[in-house]
> 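Sharing a structure below in C-alpha cells format, with a few things to ask.
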Amino acid sequence: MDPRRALPSVERILGQLDGLPHELLADAARDAITAARAAIDSGASPTEADVLADAQARVGAMWTRELQPVVNATGVLLHTNLGRAPIGVEALAAAASIGRGASNLEFRLDTGTRGSRHDHAGRLLARAVGAEAGLVVNNNAAAVLLALGALARGREVVVSRGELVEIGGGFRVPEIMAESGCTLIEVGTTNRTRRADYELAVTDATALLLKVHASNYRMIGFTETTEVSALAELGPTVMVDAGSGLLDETTPWLPSRPSWLHDEPGVRQAIDAGADVVTFSGDKLLGGPQAGVIVGRADLLATIAKHPLARAMRADKMTLAALQQVALVYLSGDASSIPLWRMATTSLDELRRRAERIAAGVSGAKVVETEAVAGGGSLPGLTIPSVGVAVRPPKPAAAMDALRAYGVIARTESDLVVCDLRSVDPADDTVVAAALASL
Ligand SMILES: *Cc1c(COP(=O)(O)O)cnc(C)c1O
C-alpha cells in the first residue's frame, strides 16, 4: 500500500490541536501532512504520532510569533526590539478609558464646537518644557519628516557634517532631508563645526538651521560643536532633533540627577537656548508610548499642524491619552510612577536583594555586578551600574533558547548567561527564577 494513504486526514489531526483559531490550526495540520508526504517521498516512514507531533510543533511556532509580553532581562532599558519604554499602569488606564468609548478628542467641551487633538498631550508637553505649543505624531522619525516638510520644503536646511547620522532602522538624516523636499547644506567637518561654518552657509534660501542629537554615537577627542544658543543668534529658524526626549536635563522629577545621564541634553534647555522647534520620541527617555512630539513656537507649530503630512502621521486617541497622563506626571514633579525612571533609579541594594532571592532557588547561580544601558539609541557608551543573576550552562546558546521558552530574554557574557534585573519589573522576578531553575 502507498504509505501516503496511511497518513491521517487534516480533520483527524485538527481534532487534536487547540489554542488558536480553527483556520490557523488547519494550516498547521495541512502543513504537517504535506511535510509527511515529502518525507515519505524521500524514503522515511512517518507515523500518525509523528505527524501529530509536527502539527503541534507548528502550532507552537505560530503562537511564538504572536505579539506577546516578554521579560526584558537584557539590561537594556529601552530595547527597541522589545518595545522600548514600558508604559505605566496609570497611562495604560488612561488609554483604556479613552479607547473604550467616545471622548473629546477633537471636540471642545466648553463651547461644544470642533477642537484639536493637539490640545491635550501636545499642549501639556509644551507646557512641561516651557514651549508655546506642541503636537504629537506617530514617532520621532515622522516628527522630523513633518517639521522639515512643513517648514523647509523647497528651501535649504543647514546641518553639521558631524550630525548627518543614521539613527537605526534606516532613519538617515540626509535621506529624511531628501524625502521632505529640502536641500541639505552640509557645513563643518565630521569632528568640528563652528558657529562661523553655519554663518557662512546662511543665505536667503536658508529655511532652517538643524541640530540633530547624535543619540547613538559619541565623538571624543578633537571635537567642537556649536551650541543651540549660538545658532539662535544667526537669524534663521533653529530646529533641534533631540531624539531621546529627556524633558529637562536637570531631571526635576527625580530626587537627584542620575550621573549616567552625563551630558544628555534636555528639551527644556534647547527651548531656553532659543530653539524654535524641538522634536523627540515618546518612548525613549520620556518613558511613554511610541510617539513623536514637536514643541516650539506657536506660529511654526500652526504651520506644521496644517501640513497634509500632519494628518497622515497623527497619533491615535489611545496614544494621546497615555501621553497626556505621562505629561501630567512630569508636570506634577514626581516621575516615580513612570516605569523607566523607576527601573533606572532602583538602588543597587534593592537589585541585589532581588537577585539573591532569585539565585537562592537556582543551583549554580551567582549574583553578579553588571552594567545596564539606557538603549533605544540614547546615551551611547554610558552604563548604569546594575545587578544580575548569572549561570554558567554548558551551552549558553541552548540556555538562552530555554529561557526564551519562558519568555525571558537574557544576555550572554562570554560563557555566562546573565539576567540583568535593572530592566526587569519586580513582578516578573518569579518568572526569571522559574526560567533559570529550568536550566
Ligand atoms: C530615536 C531617534 C529618532 C527616531 O525616533 P523614533 O521615535 O524611533 O522614530 C530620530 N532622531 C533622533 C536623534 C533619535 O534619537
Side-chain angles (χ1 to χ4, degrees), residues 76-87 121-122 125 129 134-149 151 157 159-180 182 184 193 208-219 225 228 231 238-247 249 261-267 269-271 275 277-296 304 309-310 312-316 319-320 322-323 326 340 373-382:
V76 181
L77 269 49
L78 301 168
H79 197 304
T80 298
N81 299 152
L82 304 182
R84 287 201 187 151
I87 303 172
L125 286 164
V129 297
L135 68 81
V136 180
V137 290
N138 182 52
N139 57 17
N140 189 32
V144 174
L145 184 63
L146 170 61
L148 288 174
L151 303 178
V157 177
V159 189
S160 160
R161 289 197 170 87
E163 298 174 7
L164 294 176
V165 295
E166 170 168 328
I167 303 298
F171 182 83
R172 292 177 153 189
V173 171
E175 288 163 15
I176 290 285
M177 201 74 77
E179 200 58 47
S180 57
C182 311
L184 168 64
T193 305
L208 289 175
L209 305 180
L210 173 65
K211 204 165 165 54
V212 182
H213 179 40
S215 319
N216 52 8
Y217 83 116
R218 184 173 291 278
M219 284 197 299
T225 58
V228 173
L231 296 185
V238 175
M239 169 168 154
V240 175
D241 175 8
S244 79
L246 180 65
L247 286 191
E249 61 197 35
L261 279 174
H262 196 60
D263 57 357
E264 182 69 14
V267 178
Q269 282 71 29
I271 294 286
V277 180
V278 182
T279 68
F280 55 95
S281 291
D283 54 357
K284 292 184 181 172
L285 292 178
L286 190 68
Q290 179 190 306
V293 184
I294 312 177
V295 294
I304 292 170
L309 276 180
M313 297 169 169
R314 71 187 188 186
D316 84 302
T319 298
L320 291 171
L323 207 52
V326 169
L340 172 76
V373 294
S378 51
L379 305 166
L382 300 177

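Order of appearance sets the numbers: ligands from 1, and atoms from 1 within every ligand. Side chains included, hydrogens not; waters and symmetry mates left out as well; all remaining heavy atoms used.
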> To which of S281, G282, A141, A143 does the heavy atom nearest atom 7 (O) of ligand 1 belong?
S281
> Shortest non-hydrogen contact from V228 to A275?
CG1-N, 3.7 Å
> Give the atoms of ligand 1, by number and element, whose distance to some non-hydrogen atom of H213 is under 4.0 Å.
13 (C)
> What's the shortest heavy-atom distance between L231 and K211, and which atoms?
CD1-CD, 4.0 Å
> Tell me which part of Q290 gets within contact of ligand 1: side chain, backbone, both or neither, using heavy atoms under 4.0 Å.
neither
> Flag the pair M239 / L148 as yes when at least one side-chain heavy-atom distance between them is below 4.5 Å, and no otherwise.
yes
> Does ligand 1 have an atom that lies less than 4.0 angstrom from a heavy atom of D241?
yes
> Which atoms of ligand 1 sit under 4.0 Å from any heavy atom of R84?
6 (P), 7 (O), 8 (O)
> Sub-3.5 Å donor-acceptor pair from the side chain of Q269 to the main-chain atoms of E249, do we have one?
yes
> Measure across V326 and G288 and return the closest heavy-atom pair with its distance rounded to 0.1 Å.
CG2-CA, 4.0 Å
> Could you check which of N138, L145, L78, N140 puts a non-hydrogen atom nearest to atom 5 (O) of ligand 1?
N140
> Quick check: closest heavy atoms across L146 and M313, and the distance to 0.1 Å?
CB-SD, 3.7 Å
> Got an N/O contact under 3.5 Å between G243 and ligand 1?
no
